[in-house]
Amino acid sequence: MKKQLTAGKLFVFGLMALLTTQFSSCGGGGSSSSGGLGDATSVEGTVYAANGTDPISGAVVYIPTEDSSESSSLSAIVSKSASATCEEPSETSCGSVCTDENGKFTLTPGDPSTCGSTKLKFKKGTFTGEQTLDCASNTTSGVCTLADKFKVATDKNLAIAVVTGAYDEIENTLAKLGLGELETSTGVLKIGTEKFTIFRGGGSRDYSGYTDTTKYKASSALFGSLTEMKKYDIIFINCGSNEDVSPSSSESPALTAKGDSPKLSHAEYHKYLKTKLMNSSVVSNIKDYVNAGGKMYATDLAYDFVEQTFPGFMDFQDGGDGSSTTAETEDAAQDGTSGIKSDATLNNAAMKSWVSGSSIKTNTINSTTSPNSSACTTTANGNSGSQNLNSDGTIRIGDFLSGWGVMKAAYDADTFVWITGKVKFSGATDTTNGDSRPLTASRKVGSSGGCLLYSSYHNSHSCPTTGFWPQERVLHYLVFEVSSSCTP
């Protein structure tokens, strides 16, 4: 599936139901055909991420009609009612339903006789999947149960870009969702298997792994071209990505400062950033991209990709508080204390329900130390059920390194704070327990579906990479949410 943002709309090409007259007898109404709905009056199943284990909540599941045609613009997909919890199908359908918090659904068409397609499809923002609908041998009492896993299609060109960084590794977390393969010995992304596009933004792996510079271009090739940016529905920016990027730069000067195997510490990189400014043309491109419907997620030290482009997103710590129209001083919010943890509150019931679900497995995080280096178990897939959260329902967040970006408060209700927790930082009033601050937030931008998302912590880096840890599960949930609705 090729997607391009143009004139504020996201156009989808090439995904049409391949229907012929031979399917005309595959609908309901007593048909005994081996394809389609057959004699079934409803279909039930579960929608999964590409890894086939993690359920996707709030996806729309539907059966196209025979004369269906893909909608050309996502901006035309709207909810039919205020109670709807997922987007509308992008094709004419004989019936649709939303998956619940466990990814489960039961689809009962109003008129089964109009269900002429042999395909069952789902959609969640940029993520799609389809399965041959053959209910002849899987129907009991009128209910057709899916025989195979119904999951995200990875054979399609998912319109996701990831900018590498020195400290966070979102690409590994995406691979764990099934959007790439993992190295057996290390659990990191096996380079070349990713189902998204990687741009080199800095970090030692840029020089030891992404050696094909024709395929793995520098971040300047992305941020220096609005046309290039508009090819992607979502752009992830890792902590430690080069902020001094310009359309003419080819490498990350901060991270080449120590030679071919750059190993600047988090604190050293933090100091380096204070001497640099974001390129004005890059700032302009990011603004235009998001206003046109693009979605951007940055972590920790990469917060200026958000603050310098959309200052109304969040009042960050220091740097000129109180103005939602003027960007604060760059890098001034990098006041966080290293080695801490936060037992944080999930402010969205749907997210909390998903993260605590029995099928969402995580590693255990040590109760007394931050999940930095050896504080997680190494058991693949770890625990399940309520053990994903603390006994009081909070979630343990870690991997706060020296000088992490501190948020102060949202300016208005248009910015939704997904996670809040007590954290320690320079200037905190409670030096013992820390002050309560936003840790993950998102905001809709413009009228074309644009979205900003930021987290003060890393998603995947210092913990052992076999299995999952709780904050990776937060990202897994948000990957799908941000691709469709941005905020609850």
Side-chain angles (χ1 to χ4, degrees), residues 163-168 199 201-203 218-220 222-224 229 235-249 251-257 262 264-290 296-338 400-411 415 423 425-427 437-439 441 443 445 452-458:
V163 181
T164 64
Y167 310 106
D168 202 357
F199 290 88
S219 59
S220 57
L222 176 66
F223 295 121
M229 293 181 71
I235 297 175
F236 292 96
I237 308 174
N238 279 297
C239 170
S241 293
N242 176 28
E243 292 180 23
D244 188 32
V245 64
S246 67
S248 59
S249 67
E251 297 291 349
S252 172
L255 298 171
T256 56
L264 290 178
S265 71
H266 202 267
E268 288 173 326
Y269 190 76
H270 155 79
K271 291 178 181 178
Y272 166 85
L273 289 176
K274 287 186 177 296
T275 68
K276 302 296 178 182
L277 297 175
M278 287 189 68
N279 182 276
S280 59
S281 62
V282 170
V283 170
S284 178
N285 284 344
I286 291 174
K287 287 181 178 179
D288 290 345
Y289 165 74
V290 179
M296 186 174 71
Y297 178 26
T299 61
D300 195 2
L301 297 183
Y303 87 93
D304 272 312
F305 282 98
V306 175
E307 170 62 20
Q308 300 305 313
T309 54
F310 294 94
F313 171 79
M314 179 65 63
D315 183 4
F316 283 87
Q317 182 74 16
D318 299 328
D321 297 340
S323 175
S324 62
T325 58
T326 303
E328 300 173 2
T329 303
E330 291 189 42
D331 308 309
Q334 294 170 183
D335 296 323
T337 301
S338 65
F400 294 96
L401 303 185
S402 177
W404 56 269
V406 183
M407 291 185 276
K408 188 173 184 179
Y411 286 110
T415 294
V423 286
F425 55 91
S426 177
R437 290 301 170 91
L439 297 180
R443 184 182 181 93
V445 176
L452 296 171
L453 180 68
Y454 173 76
S455 292
S456 288
Y457 51 85
H458 301 157

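These figures come from a predicted structure and were not determined experimentally.
- In this structure, Pro438 and Ala409 approach most closely via the heavy-atom pair CG-CA, 4.3 Å.
- You'll find the side chain of Val423 reaches within 4.5 Å of the side chain of Trp404, heavy atoms only.
- Contacts of Ser281 classified as side chain to side chain contact (heavy atoms under 4.5 Å, CB included), with partners at least two apart in sequence or in another chain: Pro247, Asn279.
- The side-chain contact (heavy atoms from CB on, under 4.5 Å) with Ile286 is formed by just one residue from the set Thr309, Leu452, Ile235, Val306; it is Thr309.
- The structure places CD of Gln334 at 12.5 Å from OG of Ser426, a figure rounded to the nearest 0.5 Å.
- Shortest non-hydrogen contact noted between Glu307 and Glu328 is OE2-N, 2.8 Å.
- With sequence neighbours excluded, the residues forming a ring-ring contact (aromatic ring centres under 6.0 Å, His included) with Tyr297 are Phe236, listed by chain and number.
- Put simply, CE on Met229 and CE on Met296 are 7.0 Å apart, with the number rounded to the nearest 0.5 Å.
- Note: Ile237 CD1 to Thr299 OG1 = 9.0 Å, rounded to the nearest 0.5 Å.
- Scanning both residues, Ser456 and Gly405, for their nearest heavy atoms gives OG-O, 2.8 Å.
- Residues that satisfy the side chain to side chain contact (heavy atoms under 4.5 Å, CB included) test with Ala441, not counting sequence neighbours, are Phe313, Met314, Met407, Thr415, Val417.
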Step by step, would you call Phe223 with Phe305 a side-chain contact (heavy atoms from CB on, under 4.5 Å)? CA-CA 10 Å; Phe223 295 121; Phe305 282 98; 3.8 Å; yes
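- To the nearest 0.5 angstrom, Tyr303 atom OH is 10.0 Å from Gln317 atom CD.
- We find the OH-CG distance between Tyr167 and Asp300 to be 10.0 Å, quoted to the nearest 0.5 Å.
- Between Phe316 and Lys408 the shortest side-chain heavy-atom distance does not fall below 4.5 Å.
- When atom types are taken as modelled, the side chain of Ser324 and the backbone of Tyr411 share no donor-acceptor pair closer than 3.5 angstrom.
- The two residues Cys239 and His458 come nearest to each other via the heavy atoms SG-NE2, 3.3 Å.
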Would Val163 and Asn238 count as a side-chain contact (heavy atoms from CB on, under 4.5 Å) here? Give the steps. CA-CA 6 Å; Val163 181; Asn238 279 297; 5.9 Å; no
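- Note: Phe400 CZ to Leu439 CG = 5.0 Å, rounded to the nearest 0.5 Å.
- Not one N or O on the side chain of Thr329 forms a donor-acceptor pair closer than 3.5 Å with the backbone of Ala332.
- Across all non-hydrogen atoms, the minimal contact from Ser338 to Ser402 is CB-N, 3.3 Å.
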